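What you see is a predicted model, and the numbers here were worked out from it, not measured in a lab. The figures here come from the full heavy-atom set of this structure, side chains too, leaving out hydrogens, waters and symmetry mates.
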Amino acid sequence: MTPTIQIIFASMSGRNRALAGHLQAQLASRAQTVITEISQADVFELPKADAVIVISYTYHDGDLPDEAQDFFEDLKEVDLNRTKFAVLGSSSKKHLHFGRAVDYLTIQLNSSNGEQVADSVKIDQDPDADDLARVDQLAQRVLKSVED
């Protein structure tokens with residue numbers, strides 16, 4: 001049976017939307033993927049997927065984006081029932097707290113009884129070749145976790 005992977009993203013500049021598309025391309029041959037903008041995502045549906053990948057930028061000096069606030073708050077109310085997940089996102093190393101939204105989401109997904117299957121990936125501004133290689137590794141770890 002083909003695994004289902006939900007890709008949820010928050011994007012202001014388009015970077016994370018592009019990362020969602022890149023991930024979908026990496027996963028398409030071995031999984032059914034659905035991409036959803038974070039403000040449209042239903043946290044209570046996440047346990048139905050075999051895995052979830054959340055992509056978020058960090059706003060200002062370490063905040064979650066406004067459009068991710070409801071998603072984050074709803075995570076506090078759901079039991080992910082060991083749903084496999086990974087988190088990545090863009091930020092700026094010029095900020096005081098580089099990539100903190102990625103940290104907040106990772107912590108909350110773990111607290112909601114999710115199963116983290118790949119190290120979180122933080123990207124400074126636009127992804128370079130090394131960043132995309134780390135994103136591809138994340139994709140492979142997520143795939144491996146749902147195929148085992």
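- Remark: Asp124 does not engage Lys94 in a salt bridge, criterion side-chain N to carboxylate O under 4.0 Å.
- For the pair Glu37 and Ala10, the tightest heavy-atom approach, listed with the atom from each and the gap, is OE2-CA, 4.3 Å.
- Annotation: Asp119, atom CG; neighbour count of heavy atoms from other residues, nucleotides and ligands within 6.0 Å does not exceed 12.
- Remark: Asp70 CG is loosely packed, at most 12 non-hydrogen atoms of other residues, nucleotides or ligands lying under 6.0 Å away.
- The shortest distance between side-chain heavy atoms of Leu27 and Ile7 falls below 4.5 Å.
- Atom-to-atom distance recorded for Asp42:CG and Gln40:CD is 10.5 Å, nearest 0.5 angstrom.
- Both Phe44 and Phe85 belong to a single network of hydrophobic side chains, linked directly or stepwise wherever heavy atoms of I, L, V, M, F, W or Y lie under 4.5 Å apart.
- Using a 4.0 Å cut-off between a side-chain N of Lys or Arg and a carboxylate O of Asp or Glu, Arg100 and Asp63 do not qualify as a salt bridge.
- Arg17 and Ser11 get closest at one heavy-atom pair: N-OG, 3.3 Å.
- Taking both residues in full, the closest heavy atoms of Ser91 and Thr58 are given as OG-CB, 3.6 Å, listed atom of the first, atom of the second, then distance.
- Proximity of Lys84 to Asp50: side-chain heavy atoms (C-beta onward) are nowhere separated by under 4.5 Å.
- The hydrophobic cluster containing Phe72 also contains Val78, counting ILVMFWY residues as joined when their side-chain heavy atoms lie under 4.5 angstrom apart, directly or transitively.
- Of all the heavy atoms in Leu143 and Ile5, the pair that sits closest is CD2-CD1, 4.2 Å.
- Looking only at atom types and distance, the side chain of Gln125 has a donor-acceptor partner in the side chain of Ser92 under 3.5 Å away.
- Within the 4.5 Å cutoff, the side chain of Pro65 has heavy atoms near those of the Tyr57 side chain.
- At least one donor-acceptor pair under 3.5 Å links the side chain of Asp131 to the backbone N or O of Asp128.
- Here Arg141 pairs with nothing under the salt bridge (Lys or Arg N to Asp or Glu O under 4.0 Å) rule; sequence neighbours left out.
- Between Pro47 and Thr83 the shortest heavy-atom distance is CA-OG1, 3.3 Å.
- Side chains of His22 and Asp136 form a contact here, defined as non-hydrogen atoms less than 4.5 Å apart.
- Hydrophobic clustering of Ile, Leu, Val, Met, Phe, Trp and Tyr side chains at less than 4.5 Å, counting indirect connections, keeps Leu19 apart from Leu105.
- In summary, Lys48 and Glu45 engage in a salt bridge, as defined by a charged side-chain N under 4.0 Å from a carboxylate O.
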Worked check of side-chain hydrogen bond (donor to acceptor under 3.5 Å, both in side chains) between Gln116 and Thr106: CA-CA 8 Å; Gln116 186 172 357; Thr106 301; 4.8 Å; no
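- Between Leu138 and Val142 the shortest side-chain heavy-atom distance falls below 4.5 Å.
- Side-chain contact between Ile55 and Ile38: absent, with no pair of heavy atoms (C-beta onward) separated by less than 4.5 Å.
- No side-chain donor-acceptor contact under 3.5 Å links Ser112 to the backbone of Leu80.
- At a threshold of 4.5 Å between non-hydrogen side-chain atoms, the residues Phe9 and Leu88 do not count as touching.
- Formation of a donor-acceptor pair under 3.5 Å by the Ser56 side chain with backbone atoms of Ala101 is not found in this model.
- In this structure, the side chain of His95 does not engage the main chain of Gly62 through any donor-acceptor pair within 3.5 Å.
- Residues Leu109 and Val87 form a side-chain contact, since some pair of their non-hydrogen atoms from C-beta on lies under 4.5 Å apart.
- Thr2 and Gln32 share no side-chain donor-acceptor pair at under 3.5 Å.
- Residue Arg134 qualifies as enclosed at atom CZ: its count of foreign heavy atoms under 6.0 Å is above 12.
- Follow the hydrophobic side-chain contacts under 4.5 Å out from Val121 and you never reach Val102; the two are in separate clusters.
- Here the straight-line distance linking atom CG of Asp74 with atom CD of Gln69 works out to 11.5 Å at 0.5 Å rounding.
- Few gaps surround CZ on Phe98; more than 12 heavy atoms of other groups in view lie less than 6.0 Å from it.
- Of the residues listed (Ile8, Leu23, Val117), the one engaging Ile53 in a side-chain contact (heavy atoms from CB on, under 4.5 Å) is Leu23, and it is the only one.
- The two atoms that bring Val52 and Val54 nearest to each other are CG1-CG2, 3.9 Å, heavy atoms only.
- For NZ of Lys76, the number of neighbouring non-hydrogen atoms (other residues, nucleotides, ligands) closer than 6.0 Å is greater than 12.
- Transitive grouping of hydrophobic side chains (ILVMFWY, heavy atoms separated by less than 4.5 Å) keeps Val146 and Leu46 in distinct clusters.
- Between the side chains of Asp103 and His97, no donor-acceptor pair is found at a separation under 3.5 Å.
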